[in-house]
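Shown next, in structure tokens, is the structure this report addresses.
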Amino acid sequence: MNKNSICAEVIKQKLKTEYIGKDFYFFEKTTSTFDEAEKISKKNGTVILAKAQTNGRGRLGRQWESNKGGIYFSVILKPEFSGDNLHIITPLCAVAIERAISKYTPCKIKWPNDIVSDSGKKLCGILSKLQTDKNGDCYINVGIGINANNENFDKSLKYASSIKLVSGSEINENELLCSCLFELEKCCNFKNTDIIMKEYKEKCLTLKSRVKIISIKHNKTTTGLCMDITPEGALVVKKDDGETICVNSGEVSVRGIYGEDYV
Ligand code: BTN
């Protein structure tokens with residue numbers, strides 16, 4: 001057994017969190033951690049981890065390639081609910097995961113939820129879903145896929161890479177996961193949201209960049225300059241025709257002006 005590979009026992013020993021990961025489910029292979037979440041009792045901080053997924057899901061209805069070497073997990077969060085919690089949770093998680101990955105290789109956040117390497121390769125994606133359990137209680141399932149030690153990606157994924165490929169060394173998946181869970185607990189307590197959102201903006205390469213916004217629903221493309229990110233995590237864009245618009249992450253795919261993407 002490779003000492004760098006995911007091992008549930010090692011994770012339990014190393015984990016320094018108070019509540020995230022105290023309830024921990026581990027699968028060698030599953031369809032998706034989103035599917036497993038449906039079947040369990042959902043306590044705040046429950047973690048569902050898989051070494052591989054056969055039907056991993058990404059944003060905007062895309063598939064998430066989930067081969068060996070990656071870290072695929074869901075964290076169940078049950079914050080005091082306000083409508084804003086779901087929008088804000090993704091940027092808070094992005095900051096947490098950026099902090100953890102940057103211990104291995106320099107990286108940045110691409111709005112809304114990607115962690116990309118200095119060379120623009122996608123290392124991680126985050127997808128948060130607001131769900132209701134059978135008692136009618138709401139919870140958020142934050143699904144996180146990290147390309148840790150993956151070595152092969154489908155040819156169609158032009159901008160996908162892994163931490164191992166960009167840094168040149170194999171990384172310890174257990175240490176990285178523990179660090180992610182530790183940072184998630186610090187960032188997702190909703191006590192210092194303003195400070196974390198400031199950090200998000202500092203680390204977000206989309207801010208002050210020219211962007212092409214592709215609305216999947218309306219099959220429409222707009223170009224402009226990203227002026228700001230609202231406290232709720234929406235993108236404020238000054239379009240080339242002078243109009244300023246606000247876009248939410250559920251609606252659009254954002255690319256650099258030359259059309260490059262990181263998926
Ligand atoms: C994205 O499109 O960038 C988001 C990708 C999210 C992938 C993770 S892997 C764990 C969880 N289970 C899934 O099926 N998807 C998310």
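Along the sequence shown, the residues carry numbers beginning at 1. For ligands, and for the atoms within them, numbers begin at 1 and follow the listed sequence.
- The neighbour count for N189 CG, taken as heavy atoms of other residues, nucleotides or ligands under 6.0 Å away, is above 12.
- Atom numbering of ligand 1 starts at 1 in the shown order; those under 4.0 Å from a heavy atom of R57 are 5 (C), 6 (C), 7 (C), 13 (C), 14 (O), 15 (N), 16 (C).
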Quiz prompt | Step-by-step side chain to side chain contact (heavy atoms under 4.5 Å, CB included) determination, I48 to F27 | solution = CA-CA 8 Å; I48 305 159; F27 300 88; 3.7 Å; yes

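- Distances between N or O atoms of N113 and those of ligand 1 include no value under 3.5 Å.
- Distances between N or O atoms of S74 and those of ligand 1 include no value under 3.5 Å.
- Using a 4.5 Å heavy-atom threshold, the side chains of L165 and K121 count as separate.
- By the 4.0 Å N-to-carboxylate-O rule, K16 lies too far from E185 to be salt-bridged with it.
- Listed by atom number, the atoms of ligand 1 under 4.0 Å from G56 heavy atoms are 14 (O).
- Near T33, meaning under 4.0 Å from one of its heavy atoms, ligand 1 places the atoms 10 (C), 11 (C), 12 (N).
- Atom 4 (C) of ligand 1 has its nearest heavy-atom neighbour, among N55, I126, I146, in I126.
- Looking only at atom types and distance, the side chain of N55 has no donor-acceptor partner in the side chain of S32 under 3.5 Å away.
- Taking a cut-off of under 4.0 Å to the non-hydrogen atoms of F73, the atoms of ligand 1 that pass are 10 (C).
- Of the charged side-chain nitrogens involved, none lies within less than 4.0 Å of a carboxylate oxygen, so that K42 and D137 do not count as a salt-bridged pair.
- Residues I163 and N149 have side chains not in contact (no heavy-atom distance under 4.5 Å, counting atoms from C-beta outward).
- Heavy-atom contacts of K122 reach the following atoms of ligand 1: 1 (C), 3 (O) (cutoff under 4.0 Å).
- Taking distance alone, with nitrogen or oxygen atoms compared against 3.5 Å, W64 stays at or beyond that limit from ligand 1.
- Close contacts between ligand 1 and D114 involve ligand atoms 3 (O) [criterion: under 4.0 Å to a heavy atom].
- Neither the backbone nor the side chain of L60 has any atom closer than 4.0 Å to an atom of ligand 1 (non-hydrogen atoms only).
- Remark: ligand 1 atoms within the under-4.0 Å shell around heavy atoms of G58 are 1 (C), 2 (O), 4 (C), 5 (C).
- In this structure, R62 has no heavy atom closer than 4.0 Å to ligand 1.
- In this structure, K12 forms no cation-pi arrangement with F24, as its terminal cationic atom is not both closer than 6.0 Å to the ring centre and no more than 45° off the ring axis.
- Ligand-side atoms of ligand 1 in range of R59: 1 (C), 2 (O), 4 (C), range being under 4.0 angstrom from any heavy atom.
- The 12-atom threshold is exceeded at NZ of K239, counting heavy atoms of other residues, nucleotides or ligands nearer than 6.0 Å.
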